[in-house]
Amino acid sequence: MAGNSSDPSGNKTANILINHDFCSGLNSWHLNNCNGYVISAETGTQGGTSMKSDGNYAVITDRKECWQGLEQDITDRISIGSTYTVSACVGVSGLSQGHSDVLATLKLEYHNSATSYLFIGRTSVNKDSWEKLEGTFSLSTMPDRVIFYLEGPAPGVDLLIRSVEINCSSSNNNVNHEIDFMATSTGCVSAGDDNIIINPQFDDGLNNWSGRGCKIMLHDSMNGGKIVPKSGKFFASATERTQNWNGIQQEITGRVQRKLAYEVTALVRIFGNNVSTADVRATLWVQTPDLREQYIGIASVQATDKDWVTMQGKFLLNGSPSKVVLYLEGPPPSTDILLNNLVLKHAAKTPPSTPPDVKNVAFGVNIIENSSLADNTNGWFPLGNCTLSVKTGSPHIIPPMARDSLGPHELLSGRYILVTNRTQTWMGPAQVITDKVKLFVTYQVSAWVRIRSGASGPQNVNVALGVDNQWVNGGQTEVYDDMWHEIGGSFRIEKQPSKVMVYVQGPASGVDLMVAGLQIFPVDRHARFRYLKIQTDKIRKRDVILKFSGLDSGSYANTSVQVRQTQNDFPIGSCISRTNIDNEDFVDFMAKHFNWAVFGNELKWYWTEPQQGNLNYKDADDLLTLCQKHKIQTRGHCIFWEVDGTVQQWVKSLNNNDLMTAVQNRLNGLLTRYKGKFSHYDVNNEMLHGSFYQDRLGKDIRANMFKTANQLDPSATLFVNDYHVEDGCDTKSCPDKYIHHILDLQEQGAPVGGIGIQGHIDSPIGPVVSSSLDKLGVLGLPIWFTELDLFMSRDNAHLVNAEGDINEAGKRFLALKQEWLSHSRGHVDEQGQYNFRGFHGTYNVQVVTPTKKISKTFVLDKGDSPLVVSIDL
């Protein structure tokens with residue numbers, strides 16, 4: 001993200017500005033009461049602005065004052081006594097004649113005195129040319145906040161910025177400005193290879209270490225010499241532990257820097273109390289200046305009493321803590337935690353992963369051998385002692401989800417495998433497909449399945465894959481009658497296996513299974529994207545007619561129109577937590593790129609009332625205030641959570657009468673406090689996967705929760721919310737069961753206003769997801785993906801890395817955001833109109849006639865007929 005340059009002596013110095021060349025859009029930059037966008041070298045002209053450039057450049061527009069421009073907070077990247085050189089490549093657009101000045105300025109903010117401004121440099125810029133702006137600055141005192149910004153052209157003139165660099169040309173004797181050190185108010189904090197832990201291998205005894213609620217001891221061996229250090233000469237034990245959180249700790253206050261990622265590595269084991277294995281966790285206790293406490297989980301490992309194991313994890317501090325303690329905890333009381341060494345270093349940045357090199361993929365081609373069974377059971381084998389035979393009478397048509405992916409396709413053979421003599425649920429037909437599966441390719445699974453009559457109750461049928469010793473779910477369905485049922489799913493393999501076997505399993509022992517037309521084929525996601533772009537143009541866009549009046553027809557050809565969409569109204573949100581918002585970079589990214597938010601845990605009952613009567617709404621209040629400030633709409637997640645494991649112990653311990661009172665108090669307290677502030681509520685989370693409140697208080701409680709919530713806050717849309725509804729891999733929450741569940745609530749009078757699909761999808765397949773959505777669509781309720789992610793299966797699915805740089809996933813997300821904005825420019829036609837088609841959202845139109853310039857804002861809502869916007873010139 002940061003650039004590099006060389007000083008006159010040839011030494012390479014670091015550019016302290018993040019995203020200096022706008023390769024990540026406007027990330028890390030802030031628009032000062034104006035608007036802006038980035039033109040890439042590939043896209044060229046946008047919004048009427050065109051300047052020759054071999055790289056990206058930012059366009060700062062809608063400027064109404066000279067001081068409006070582009071800024072970046074550099075507080076944490078500079079220090080007193082050092083001299084910094086500034087170099088920027090700048091231009092202007094919209095200048096009718098002459099030249100305009102561009103200035104570089106520092107804004108210095110102090111808590112106890114007035115804000116001041118420091119002039120850095122100035123350059124004079126002509127139309128259609130790039131000029132270099134240079135200057136230097138040095139600070140003798142450290143303000144509370146230092147903001148660098150570019151300003152200057154007259155109002156209405158666009159400011160163009162191609163690249164900006166701020167380099168340390170000289171430093172004082174106390175501060176090192178290389179990348180591996182960061183300046184703070186407490187001095188230089190190591191961000192390089194030095195271990196931040198003092199006395200990490202106990203060579204200095206137990207100095208700098210202490211017990212957290214227990215005693216610590218130093219050893220060179222234990223247990224009659226059976227336990228010795230793996231490295232060094234000593235190890236420590238946390239002993240006489242009476243609580244799980246007791247352990248060994250070291251205070252690291254002043255040795256770690258906010259907004260830097262750190263990595264912890266420790267050698268640990270356990271001893272005593274007849275415990276052979278237990279979780280050992282590394283945890284960070286943080287106290288904020290306002291005395292708020294935070295516990296940050298760093299790492300966890302299954303430790304044993306047999307040998308030392310390595311525990312690793314990472315953390316990042318968003319805020320500026322007053323106290324930080326790193327400690328180990330976890331095993332049951334009376335079990336000792338042993339620590340051989342502990343290393344805490346600045347985490348090396350993970351290089352971007354190389355895009356997978358996938359070649360020669362036969363998209364849409366079935367990799368199952370003898371799928372049609374034309375060659376009897378050749379290619380198949382029975383898994384277990386069951387018996388396979390071929391029969392006729394199965395469907396000839398391809399299952400609908402596969403048909404959506406494959407398009408026109410030959411009919412199935414009508415033959416099926418009959419599996420008899422099944423004595424275990426896992427028995428069924430199988431094939432080894434190791435050599436046919438390619439890494440990093442998403443495969444769709446499709447088949448018809450059926451069971452013979454006589455089964456007692458519904459039966460689960462599953463297409464499974466054995467990938468070495470790991471079970472992978474290829475799709476599930478519930479079969480409850482003597483009919484053929486579609487089964488569909490997907491999978492993706494990212495590590496080279498030694499063996500891959502596919503098999504069909506599930507029904508109870510003794511139940512005969514029938515399988516027809518099993519297909520596993522790779523899906524072409526690029527073809528899907530092309531299809532979705534066509535659908536998007538139809539559904540998410542609308543024609544617009546700008547109709548001009550008050551203008552002589554002879555001036556039409558000389559009247560230019562520039563249309564720029566400032567906001568797409570499609571709701572895109574993100575999960576946020578209280579610790580996130582202490583990081584101004586996170587807040588800036590969130591406010592720029594999302595218009596909805598949901599709180600991670602801060603609104604859940606176990607967070608707002610961990611002990612009975614001990615209410616904590618401060619974290620939720622802080623998050624809500626931030627969202628309101630940035631005009632971000634919020635979802636209330638969640639009022640209740642039906643899964644037993646998420647319910648507080650004090651709630652579980654109540655008798656039924658007191659539980660009913662506690663439920664009513666929760667509804668009254670939450671919905672009254674936040675009346676009108678949350679647009680949505682997930683009323684009782686994951687009712688398809690849990691039943692705590694229903695089991696305790698009866699079936700009516702679920703509908704009554706909806707009714708009471710609606711009475712307390714009629715403005716909020718009330719949602720059901722559950723997972724694995726859309727991906728075909730969970731029979732508890734298939735679309736049919738979700739529909740039945742919602743209809744059941746509505747029949748009891750519950751005002752269900754929306755359907756929440758959590759979207760925890762491991763290997764998304766468009767037709768599989770669309771099929772589920774189409775089924776749910778019959779209810780006529782809005783359907784929202786409420787927790788969409790890929791984190792459960794992929795480590796690199798986040799958008800921004802820990803220290804703020806946007807990764808490949810983030811760049812694709814920002815590119816999609818730009819793709820979903822409609823811009824257009826041209827001239828008024830001979831009918832006095834200007835026509836275009838654009839995404840729904842907010843637009844700004846600038847009209848330049850031979851004598852005047854007019855600006856107008858309008859909103860493009862959904863609609864079938866063109867929107868006519870009248871503009872009087």
So do T646 and K604 actually touch side chain to side chain, heavy atoms under 4.5 Å?
-> no
Check whether the side chains of E686 and Q758 place a donor and an acceptor atom closer than 3.5 Å, and report yes or no.
-> yes
May I ask you to check whether N460 and Q476 show a side-chain donor-acceptor distance below 3.5 Å?
-> yes
Between OG1 on residue T392 and CG on residue L373, distance to nearest 0.5 Å = 11.0 Å
Rounded to the nearest 0.5 Å, how far apart are OH of Y723 and SG of C729?
-> 10.0 Å
For side chain to side chain donor-acceptor pair (under 3.5 Å), just list the numbers for N665 and N668, CA-CA rounded to whole Å, side-chain angles, deciding distance to a tenth of an Å, and then say yes or no.
-> CA-CA 5 Å; N665 289 342; N668 288 334; 4.9 Å; no
Nearest heavy atoms of L718 and P751, plus distance in Å | CB-O, 3.9 Å
Heavy-atom nearest pair, N366 first then I520, reads OD1-N, 2.9 Å
Between W820 and I572, is a side chain to side chain contact (heavy atoms under 4.5 Å, CB included) present by the stated rule, with each step listed?
-> CA-CA 12 Å; W820 283 1; I572 300 180; 3.8 Å; yes
State, with a plain yes or no, whether a side-chain heavy atom of I742 is found less than 4.5 Å away from one of Q746.
-> yes
Side-chain touch H741/S733, heavy atoms, less than 4.5 angstrom = no
Using the benzene-type ring in the case of Trp, are the ring centres of W605 and W650 under 6.0 Å apart?
-> yes
Donor-acceptor pairs are to be reported for all side-chain atoms of residues 521-535 against protein atoms at under 3.5 Å, with residues two or more places apart or in another chain.
from	atom 1	to	atom 2	distance (Å)
D524	OD1	H526	N	3.1
D524	OD1	A527	N	3.4
R528	NH2	S770	OG	3.1

OG1/T708 to CG/L712 distance, rounded to the nearest 0.5 angstrom?
-> 6.5 Å
Is F678 close to L603 at the side-chain level, that is, under 4.5 Å between some pair of heavy atoms?
-> yes
Around N378, counting heavy atoms of other residues, nucleotides and ligands shown, do more than 12 lie under 6.0 Å from its CG?
-> yes
Closest heavy-atom pair and its distance - V720, V752 | CG1-CG1, 4.2 Å
How long is the span from the CZ atom in F640 to the CG atom in D682, to the nearest 0.5 Å?
-> 13.0 Å
Quick one: does E486's side chain get under 4.5 Å of P400's, heavy atoms only?
-> yes
Verdict with reasoning, K495 to L439, per side chain to side chain contact (heavy atoms under 4.5 Å, CB included) = CA-CA 7 Å; K495 293 182 179 178; L439 299 184; 5.9 Å; no
Under 3.5 Å, is there a donor-acceptor pair linking the side chains of N721 and T786?
-> yes
Does a side-chain N-to-carboxylate-O contact under 4.0 Å join E494 and R492?
-> yes
Given side chains that start at C-beta, do those of F719 and V683 come closer than 4.5 Å, heavy atoms only?
-> no
Backbone N or O of A374 within a donor-acceptor pair of the N370 side chain at under 3.5 Å?
-> yes
Are any of the side-chain heavy atoms of S394 and W484 separated by less than 4.5 Å?
-> yes
Do D727 and H760 have side-chain N/O donor and acceptor atoms under 3.5 Å apart?
-> no
For a quick test of your reading: what N or O donor-acceptor pairs under 3.5 Å do the side chains of residues 496-517 make, sequence neighbours left out?
from	atom 1	to	atom 2	distance (Å)
S498	OG	D468	OD1	2.6
Q505	NE2	N462	OD1	2.8
D512	OD2	R452	NH1	3.3

Among L773, I757, V769, find the residue that satisfies the side chain to side chain contact (heavy atoms under 4.5 Å, CB included) test when tested with V725.
-> I757
Strictly by modelled atom types, are N568 and H840 linked by a side-chain donor-acceptor pair under 3.5 Å?
-> no
Could you tell me whether the side chains of N601 and Y606 share a donor-acceptor contact shorter than 3.5 Å?
-> yes
Other residues, nucleotides, ligands: >12 heavy atoms within 6.0 Å of R812 CZ | no
Heavy-atom pair with the smallest gap, counting every atom of Y674 and A620 | OH-CB, 3.5 Å
Heavy atoms from other residues, nucleotides or ligands near NZ of K732 exceed 12 (cutoff 6.0 Å) = no
Of all the heavy-atom pairs spanning I765 and S490, show the shortest one and how long it is.
-> CG1-CB, 3.2 Å
By ring-ring contact (aromatic ring centres under 6.0 Å, His included) - contacts of W596 (at least two apart) = H680, W784
From CG (D774) to CG (D404), nearest 0.5 Å = 8.0 Å
Roughly how far, to the nearest 0.5 Å, is OG1 of T731 from OH of Y480?
-> 12.5 Å
Nearest heavy-atom contact between G428 and L388 is C-CD2, 4.5 Å
Show me the donor-acceptor pairs, under 3.5 Å and distance only, between side chains in residues 695-705 and residues at least two apart or in other chains.
from	atom 1	to	atom 2	distance (Å)
D695	OD1	S691	OG	3.3
D695	OD2	S691	OG	2.8
R696	NE	N656	OD1	2.8
R696	NH1	K652	O	3.2
R696	NH2	L654	O	2.4
R696	NH2	N656	OD1	3.0
K699	NZ	D744	OD1	3.3
K699	NZ	D744	OD2	3.4
R702	NE	E642	OE2	2.9
R702	NH2	E642	OE2	3.4
R702	NH2	M687	O	3.2
R702	NH2	G690	O	2.8
N704	ND2	D700	O	3.2

Distance only, no hydrogens: is a donor on one side chain within 3.5 Å (strictly under) of an acceptor on the other, for Q444 and S405?
-> yes
What's the verdict on side chain to side chain contact (heavy atoms under 4.5 Å, CB included) for I487 and V463, showing C-alpha distance, side-chain angles and the deciding distance?
-> CA-CA 8 Å; I487 189 168; V463 177; 3.8 Å; yes
Side chain to side chain contact (heavy atoms under 4.5 Å, CB included) assessment of W641 paired with V647 = CA-CA 7 Å; W641 198 343; V647 180; 5.9 Å; no
Test side chain to side chain contact (heavy atoms under 4.5 Å, CB included) applied to H409 - qualifying residues, sequence neighbours left out = I398, L406, Q519
Can you name the ring-ring contact (aromatic ring centres under 6.0 Å, His included) partners of F813, sequence neighbours left out?
-> F594
Could you check if a side-chain atom of V419 sits within less than 4.5 angstrom of a side-chain atom of T387, using non-hydrogen atoms only?
-> no
Cation-pi check, R450 onto Y416 ring (under 6.0 Å, within 45° of axis) = no
Which is it for H798 and D789 under the side chain to side chain donor-acceptor pair (under 3.5 Å) test, yes or no, and what are the steps along the way?
-> CA-CA 8 Å; H798 52 283; D789 65 49; over 6 Å; no
With no hydrogens and no angle check, is any side-chain donor or acceptor of Y681 less than 3.5 Å from a backbone partner on F706?
-> no
